[in-house]
Amino acid sequence: MPVTVLLVDDEPLVRAGLRAVLEAQPDIEVVGEAGDGAAVIPLVRQLRPDVVAMDVRMPLMDGIEATRVVLRTVPDPPKILVVTTFENDEYVYEALRAGADGFLLKRARPAEIVNAVRLVAEGESLLFPAAVRQLAAEYGTSRAREVMDRASLTEREAAVLRLMARGLSNAEIAERLVVGVQTVKTHVSAVLAKLGARDRTQAVIAAYESGFVAPS
C-alpha cells in the first residue's frame with residue numbers, strides 16, 4: 001500500500017511542487033490538498049491520509065493550531081510533517097511541541113522531501129536542524145528536568161534516547177549499539193512510556209528541554 005499524503009499550504013505553487021515530487025514515487029500517493037489549516041479536519045476525516053505535510057504559517061488557522069486540533073479530535077490521527085521556509089522559526093518548534101512528527105524545509109531537495117515523508121510515515125522522527133535544537137534547549141524548564149529525573153532511564157535506555165535525539169533510526173541505533181532492531185524498539189517503547197511521550201519527537205523534545213541532551 002502506498003503512503004498517502006495530504007498537502008496543506010496557502011501557496012498553490014508550493015503544493016504543486018510537493019505534489020510533483022511525491023507523486024513521482026511509486027510508493028507515495030497525494031490524496032488531497034488544502035490552502036489553510038482550517039480545512040484540515042474534514043479532509044483528514046474524509047481521506048484518512050497517512051501523513052499531513054503542513055505549512056506552519058497560514059492565514060486563518062496556522063499549522064500549530066491545526067496540529068493540536070487534528071491530534072485532539074481525530075481517532076488514530078495521521079503523522080504530521082511540518083513544512084516551512086525558515087529553520088529557526090519558533091513556530092516550527094511550537095508545532096513540534098504540539099505533536100508534529102517531523103520537520104522539513106521548503107527548499108529541501110526532492111530526495112530529502114521523499115525521505116522525510118517515508119520516515120515520518122514509518123514513525124521515525126527526523127533530525128531537528130541545529131537551530132531548532134537550540135530553541136528546544138532555550139525552552140528548558142524545571143518541569144522537563146523533573147520528568148526526566150522521575151523517568152529513571154536505564155543506562156541502555158539513556159543511550160537509545162541520545163541516539164534518537166541525533167536523528168538515528170531504529171536500524172541505525174541497533175547497528176551503533178550492536179543489538180537487534182527489535183531490542184531497540186523495546187527500549188524506545190520503554191523510553192516513551194517512562195517520559196509519558198506520545199512519540200519519538202516528543203521524547204526528543206523532552207531530552208533537549210530537560211538538558212539531558214545538549215544542542216550541538
Side-chain angles (χ1 to χ4, degrees), residues 3 50-51 67 71 76-84 87-90 92-105 108-109 111-216:
V3 174
D50 299 312
V51 177
T67 295
L71 297 180
D76 191 21
K79 302 292 185 180
I80 296 178
L81 178 63
V82 176
V83 184
T84 190
E87 63 181 351
N88 61 346
D89 191 342
E90 290 192 19
V92 172
Y93 186 63
E94 288 296 340
L96 292 170
R97 292 184 86 201
D101 299 280
F103 170 92
L104 178 69
L105 288 172
R109 296 187 297 271
E112 293 173 330
I113 295 171
V114 171
N115 188 51
V117 168
R118 287 174 177 154
L119 280 178
V120 167
E122 292 167 2
E124 299 191 6
S125 63
L126 309 179
L127 178 63
F128 300 161
V132 177
R133 299 201 299 273
Q134 185 61 48
L135 281 174
E138 292 172 1
Y139 270 78
T141 65
S142 58
R143 181 181 180 280
R145 289 187 286 274
E146 289 170 3
V147 169
M148 187 61 67
D149 289 341
R150 287 200 306 270
S152 298
L153 301 180
T154 66
E155 183 177 343
R156 182 48 60 91
E157 290 164 356
V160 167
L161 178 55
R162 290 189 180 96
L163 294 174
M164 286 166 58
R166 292 173 56 185
L168 274 64
S169 67
N170 287 344
E172 291 168 333
I173 294 172
E175 182 178 358
R176 185 69 58 88
L177 298 180
V178 195
V179 297
V181 173
Q182 188 57 50
T183 298
V184 172
K185 290 180 178 179
T186 299
H187 288 313
V188 170
S189 296
V191 168
L192 299 188
K194 288 185 176 183
L195 293 177
R198 186 179 71 88
D199 54 27
R200 295 168 72 100
T201 301
Q202 301 306 304
V204 169
I205 287 174
Y208 283 116
E209 287 190 345
S210 66
F212 180 79
V213 176
S216 57

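Please read these numbers as outputs of a predicted model, since none were measured by experiment.
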In Å, rounded to the nearest 0.5 Å, how long is the span from CZ of Phe212 to CG of Leu195?
-> 8.5 Å
Spacing of Arg176 atom CZ and Ile173 atom CD1 [to the nearest 0.5 Å] = 9.0 Å
Val188 to Met164 - nearest heavy-atom pair and separation | CG2-SD, 3.9 Å
Got a donor-acceptor contact below 3.5 angstrom from the Asp199 side chain to the Gln202 backbone?
-> yes
Kindly check if the number of other-residue, nucleotide or ligand heavy atoms within 6.0 Å of CD (Glu112) is above 12?
-> yes
Arg150: partners by side-chain contact (heavy atoms from CB on, under 4.5 Å), with sequence neighbours left out | Glu146, Val147
Stepwise, does the side chain to side chain contact (heavy atoms under 4.5 Å, CB included) test hold for Lys194 with Thr154?
-> CA-CA 11 Å; Lys194 288 185 176 183; Thr154 66; 4.0 Å; yes
Would you give the length of the straight line joining atom CD of Glu172 to atom CZ of Arg166, rounded to the nearest 0.5 angstrom?
-> 10.0 Å
Do Arg156 side-chain atoms and His187 backbone N/O form a donor-acceptor pair below 3.5 Å?
-> no
Nearest heavy-atom contact between Val191 and Ala203 is CG1-CB, 4.5 Å
Minimum-distance pair of heavy atoms, taken over all atoms of Val51 and Pro78 | N-CB, 4.3 Å
Within-4.5 Å side-chain heavy-atom neighbours: Leu177 and Leu163 = yes
Taking all atoms of both residues into account, what is the closest heavy-atom pair of Ala108 and Ile113, and its distance?
-> O-CD1, 3.7 Å
Euclidean distance, Ser169 OG relative to Arg200 CZ, rounded to 0.5 Å | 7.5 Å
To the nearest 0.5 Å, what is the distance between CD1 (Ile205) and OG (Ser210)?
-> 11.5 Å
Applying side chain to side chain contact (heavy atoms under 4.5 Å, CB included), run through Glu122 and Val3 and close with a yes or a no.
-> CA-CA 9 Å; Glu122 292 167 2; Val3 174; over 6 Å; no
Can you see which heavy atom on Ala100 is nearest to which on Val82, and at what distance?
-> CB-CG2, 3.3 Å
Can you find a heavy atom in the side chain of Lys79 that is under 4.5 Å from one in the side chain of Asp50?
-> no
Is the backbone N or O of Ile80 less than 3.5 Å from a side-chain atom of Asp101, with the two atoms forming a donor-acceptor pair by type?
-> yes
Would you name the heavy atoms of Tyr208 and Val213 that are closest together and state the gap between them?
-> CD2-O, 3.4 Å
Might you work through the side chain to side chain contact (heavy atoms under 4.5 Å, CB included) test for Val120 and Leu104, ending with a clear yes or no?
-> CA-CA 11 Å; Val120 167; Leu104 178 69; over 6 Å; no
